[in-house]
Amino acid sequence: MTEKPAQSGGKPVVRFAPSPTGYLHIGGARTALFNWLYAKNTGGTFLLRIEDTDRERNNEAAVTAILEGLKWLELDWDDEPVSQFSRAGRHREVAEAMLARGHAYHCYSQPTEIEAAREAAKAEGRAQIFDSPWRDRDTKDAPAGVRPAVRLKAPRSGETVIKDHVQGTVTVPNKDLDDLIILRSDGNPTYNLAVVVDDHDMGVTHVIRGVDHLTNAARQTQIYQAMDWRVPEFAHVPLIHGADGAKLSKRHGALGVEAYRAMGYLPAALRNYLVRLGWAHGNDEVIATPQLIEWFGLDGIGKSPARFDYAKLTDLNGHYIRTTRDAELVDRIADILPEIDGGPELAAKLAAGGREKLLAAMPSLKERAKTLLELVDGAHYVFACRPLALDEKASAVMDASAKDTIGKLVRRLEIVTDWQAAALEAAVRAFAEETGAKLGKIAQPLRAALTGRTVSPPVFDVMAVLGREEALARLEDQAS
RNA sequence: GCUCCCUUCGUCUAUCGGUUAGGACGCGAGAUUUUCAAUCUUGAAAGACGGGUUCGACUCCCGUAGGGAGCGCCA
């Protein structure tokens with residue numbers, strides 16, 4: 001691959017550049033989302049690059065997990081993902097060019113010396129930057145048999161200014177930036193060089209990433225300047241913290257997006273939640289994706305870190321569940337069944353004609369579920385086998401008088417010809433009126449007999465979904 | 001330690017010098033109701049602290065405190 005101009009016709013080119021060290025965690029997902037939204041908003045291009053220059057840490061499974069995570073989140077990218085490692089030759093080429101221009105030099109210092117120098121600096125309370133003695137030394141003095149690393153000859157004085165769309169203008173004194181290594185002694189490029197070369201060659205115009213890269217932006221700016229390349233626009237977004245304010249770690253909810261998938265969250269809900277962590281558009285909370293694309297902009301991103309809050313995510317997910325089509329919900333449930341408790345059994349039932357029943361139950365189910373898992377739990381009654389096992393509360397409801405009531409009700413329901421919720425309700429209400437009982441007194445026993453629980457969708461909907469035969473049979477089971 | 005950044009209800013946030021500081025989640029109360037949800041009404045709940053600037057500061061400046069990020073031949 002050689003240099004190629006931005007093939008976007010003046011439109012922005014952004015990229016998401018994860019390193020394949022694990023799954024796509026929630027912070028990375030948000031970074032990807034911001035990039036994606038920015039590309040969509042501007043009609044630009046969203047590229048993917050896998051930062052796999054560290055061969056020891058490279059991991060095929062991680063690459064797959066990241067791509068799968070992005071797909072699940074429905075963040076589609078343009079072109080094929082670029083492997084940074086595959087471009088090592090070009091990176092070396094650029095390092096050579098920098099050497100030729102006098103913007104880089106060979107450094108023969110050994111890791112042990114560097115470490116010692118850092119320790120000394122720390123002890124004296126100075127910034128722990130390494131000042132290579134080879135910066136201005138003649139290479140003729142080079143020790144024999146030592147392969148040098150290549151360092152950037154960074155400016156010693158002055159300051160490097162980063163104009164950032166989120167952080168504002170950030171100024172870093174050059175004396176605080178050491179001569180970073182751009183080529184390891186084994187000839188392989190390091191991250192900062194690779195990023196600059198790739199972003200340049202890929203025509204990246206806007207670099208949107210986590211603030212943890214802010215100081216890298218200063219170093220990378222120096223490389224751009226050394227090469228006389230145009231520095232891209234930067235937007236360093238704040239990090240996401242765990243609920244306790246501590247850094248998001250594996251123990252603090254930095255789960256891969258697939259974990260959220262398995263918890264029954266919808267991608268649209270997660271996107272909506274994630275974008276609101278650090279970005280706002282007035283008082284809007286539930287924002288459909290097309291609207292999000294229209295409204296999204298770098299200006300709306302705040303600078304302070306946010307904490308991850310499951311309660312709000314869950315609430316948002318409930319909104320999306322209620323507005324998602326029934327068939328799609330059934331499909332999404334089917335998708336995650338292999339990963340959840342009792343999922344395989346349900347999958348078998350779905351395959352054996354249960355899908356239609358679940359679909360029929362969905363309208364009343366989705367009104368009261370906040371996650372797909374709750375949906376599955378709510379659907380328990382649909383697939384329960386006779387005779388139903390009543391849970392503790394349901395058994396308590398099912399006392400002698402309840403059984404007696406159900407016995408009488410069965411006779412009334414048997415003669416209902418139109419087995420629909422409305423007709424069934426009319427029949428039960430008529431019965432209630434005659435006996436002077438409150439509807440609640442009758443509905444609860446019905447619910448217990450029909451579902452085995454005290455909480456369920458409206459009983460008349462339940463009867464309709466179950467069908468005449470099954471519903472009456474369940475009632476007979478409990479009648480005395 | 002050094003550099004940079006951050007600080008509005010418990011949480012996510014609005015406010016771009018003048019508001020009774022708004023919304024959302026969560027929490028409390030009520031309404032509705034066949035349970036649970038949903039929905040509606042409603043309550044409690046915030047400008048870290050100290051100095052300036054200004055007729056007037058949440059908003060601008062300085063300092064303090066607290067928090068975060070970075071300081072690799074990792075990315």
Side-chain angles (χ1 to χ4, degrees), chain A residues 17-21 51-54 56-57 84 107 109-111 114-115 118 121-130 147-151 162 164 166-168 170-173 175-178 180-186 188 190-192 194-195 210-216 218 236 238-239 241 243 245-247 273 276-286 302-316 318-319 322 364-370 374 378 393 397 425 428-429 432 438-444 446-448 451 453-460:
Chain A
S19 56
T21 49
E51 313 256 291
D52 52 359
T53 49
D54 186 347
E56 287 175 22
R57 288 207 214 171
Q84 188 157 66
C107 173
S109 295
Q110 295 300 294
I114 299 171
E115 181 61 25
R118 285 212 173 87
K122 189 176 182 179
E124 290 173 39
R126 287 183 287 114
Q128 297 172 54
I129 60 171
F130 178 66
R147 302 188 60 185
V150 176
R151 284 186 188 270
I162 303 158
D164 192 284
V166 174
Q167 304 294 327
V170 178
T171 304
V172 182
K175 65 173 172 58
D176 295 322
L177 263 18
D178 54 6
L180 83 179
I181 288 179
I182 55 178
L183 225 49
R184 300 181 174 95
S185 49
D186 64 4
N188 284 318
T190 57
Y191 169 74
N192 279 299
V195 165
V211 263
D212 48 334
H213 286 285
L214 191 60
T215 42
N216 285 328
H236 287 92
L239 271 21
H241 290 173
K247 184 183 178 179
Y273 176 71
R276 283 286 293 101
L277 240 40
W279 177 87
H281 181 272
N283 282 336
D284 297 296
E285 296 287 348
V286 182
K303 290 208 228 180
S304 47
R307 299 183 188 206
F308 193 88
D309 179 15
Y310 275 98
K312 190 150 183 174
L313 202 213
T314 304
D315 174 73
L316 218 34
H319 277 272
R322 291 195 294 277
S364 60
L365 245 27
K366 71 180 182 183
E367 290 300 320
R368 34 191 60 71
K370 293 189 188 260
E374 287 182 20
K393 285 177 185 165
V397 167
E425 179 168 354
V428 173
R429 279 191 188 276
K438 289 197 69 172
L439 192 54
K441 266 293 183 193
I442 301 169
Q444 278 310 80
L446 272 178
R447 191 185 315 281
T451 70
R453 300 180 178 180
T454 52
V455 174
S456 83
V459 283
F460 307 114

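None of these values were measured; they are calculated from a predicted model.
If you take CG on A:Leu177 and OG1 on A:Thr215, they are separated by 7.5 Å, rounding to the nearest 0.5 Å. To the nearest 0.5 Å, atoms CG (A:Leu313) and CZ (A:Arg276) are separated by 12.5 Å. Interatomic distance, OG1 of A:Thr53 versus CD of A:Gln84, reported as 5.0 Å (0.5 Å rounding). Atom CZ in A:Arg118 sits 6.0 Å away from atom CG in A:Asp178 (nearest 0.5 Å). Distance NZ/A:Lys370 to CG/A:Leu316: 10.5 Å, rounded to 0.5 Å.
Closest to the side chain of A:Asn192, out of B:C73, B:A75, B:C12, is B:A75. With distances taken from any side-chain atom of A:Val459 to the nucleotides B:G26, B:U34, B:U13, the minimum falls on B:U34. Comparing atom distances between the A:Val455 side chain and each of B:C5, B:A69, B:U35 picks out B:U35 as nearest. With distances taken from any side-chain atom of A:Arg322 to the nucleotides B:U3, B:U34, B:A38, the minimum falls on B:A38. Closest to the side chain of A:Thr215, out of B:G70, B:G68, B:U34, is B:G70. Side chain of A:Pro111, nearest nucleotide from B:C25, B:C6, B:C73: B:C73. The side chain of A:Ala311 has B:G26 as its nearest neighbour among B:G26, B:G23, B:U3.
In this structure, A:Asn216 reaches the bases: a heavy-atom distance under 4.0 Å links it to at least one base atom across the strands shown. Nucleic acid contact class of A:Pro18 (heavy atoms, under 4.0 Å, all strands): none. Using a 4.0 Å heavy-atom distance criterion, A:Phe460 is classed as a base contact. Among the atoms of the strands shown, none is found under 4.0 Å from any heavy atom of A:Gly168. In this structure, A:Ser456 reaches the bases: a heavy-atom distance under 4.0 Å links it to at least one base atom across the strands shown. Nucleic acid contact for A:Ser109: base, since at least one base atom lies under 4.0 Å from a heavy atom of the residue. Residue A:His213 is in base contact, counting any heavy-atom pair closer than 4.0 Å across all strands shown. Contacts of A:Val170 with the nucleic acid, taken as non-hydrogen atoms under 4.0 Å apart, involve only primed sugar atoms and P, OP1 or OP2. Counting non-hydrogen atoms under 4.0 angstrom, A:Ile181 reaches a base of the nucleic acid.
B:A38 sits 15 Å from B:A29 when the P atoms are compared, rounded to a whole Å. Of the C1' atoms belonging to B:G70 and B:A37, the separation is 47 Å, rounded to the nearest Å. Nucleotides B:C60 and B:G68 place their C1' atoms 24 Å apart, quoted to the nearest Å. Atom C1' of B:A21 sits at a distance of 13 Å from the matching atom of B:U13, rounded to the whole Å. Distance check on atom P: B:A46 versus B:G30 gives 24 Å, rounded to whole Å. Nucleotides B:U8 and B:G47 have their P atoms positioned 11 Å apart, rounded to a whole Å. To the nearest whole angstrom, the two P atoms, one in B:U53 and one in B:U20, are 26 Å apart. To the nearest whole angstrom, the two C1' atoms, one in B:G50 and one in B:U7, are 15 Å apart.
Base pairing analysis places B:G18 opposite B:C55; the two distances defining the Watson-Crick or G-U wobble pair are each below 3.5 Å. When Watson-Crick and G-U wobble pairs are counted only if both distances are under 3.5 Å, B:C9 pairs with no nucleotide at all. Base pairing of B:G63: its partner is B:C49, meeting the Watson-Crick or G-U wobble criterion (both donor-acceptor distances under 3.5 Å). Across all strands shown, the partner of B:C4 is B:G68, judged by Watson-Crick or G-U wobble contacts whose two distances both fall under 3.5 Å. The partner of B:C40 is B:G30, judged by Watson-Crick or G-U wobble contacts that both fall below 3.5 Å.
Within the structure, every side-chain polar atom (N or O) of A:Lys438 is placed at least 4.0 Å from both OP1 and OP2 of B:U33. Side-chain N/O atoms of A:Thr314 include none lying less than 4.0 angstrom from OP1 or OP2 on B:C25. OP1 or OP2 of B:C5 has not a single side-chain nitrogen or oxygen of A:Lys303 nearer than 4.0 Å. In terms of phosphate contacts, A:Arg118 brings a side-chain nitrogen or oxygen within less than 4.0 Å of OP1 or OP2 of B:G72. An OP1 or OP2 oxygen of B:C73 is reached within less than 4.0 angstrom by no side-chain nitrogen or oxygen of A:Arg147.
A:Lys175 has its NZ atom 12 Å from the C1' atom of B:C4, to the nearest Å. Note: NZ (A:Lys441) to P (B:U34) measures 14 Å, nearest angstrom. What separates CG of A:Asp284 from C1' of B:U15 is a distance of 15 Å, to the nearest Å. Atom pair A:Asn283:CG and B:U13:P shows a separation of 14 Å (rounding to whole Å applied). Atom pair A:Trp279:CH2 and B:A24:C1' shows a separation of 14 Å (rounding to whole Å applied). Here the P atom of nucleotide B:U8 and the CZ atom of A:Arg307 are 10 Å apart, to the nearest Å. Taking atom CD of residue A:Glu285 and atom P of nucleotide B:U11, one finds them 16 Å apart after rounding to whole Å. A:Asp176 has its CG atom 19 Å from the P atom of B:A69, to the nearest Å.
Closest heavy-atom contact between A:Val166 and A:Gly302: CG1-O, 3.7 Å.
Judged by atom type and distance alone, A:Thr190 does not reach the base of B:C73 through any side-chain donor-acceptor pair under 3.5 Å. Residue A:Asp212 places no side-chain atom within donor-acceptor reach of the base of B:G70, judged by atom type and a 3.5 Å distance cut-off alone.
The 5' end of RNA chain B is approached more closely, in terms of each residue's nearest nucleotide, by A:Arg368 than by the other of A:Arg368 and A:Ile114. Both A:Ser19 and A:Glu367 lie near RNA chain B, and the one whose nearest nucleotide falls closer to the 5' end is A:Glu367.
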* **Audit row: A:Gln167, A:Lys303, side chain to side chain contact (heavy atoms under 4.5 Å, CB included) steps and yes/no** => CA-CA 6 Å; A:Gln167 304 294 327; A:Lys303 290 208 228 180; 3.8 Å; yes
* Give the intermediate values and the outcome of side chain to side chain contact (heavy atoms under 4.5 Å, CB included) for residues A:Ser109 and A:Phe130. => CA-CA 10 Å; A:Ser109 295; A:Phe130 178 66; 3.6 Å; yes
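If you run side-chain contact (heavy atoms from CB on, under 4.5 Å) between A:His236 and each of A:Asn216, A:Val211, A:Asp212, only A:Val211 comes through.
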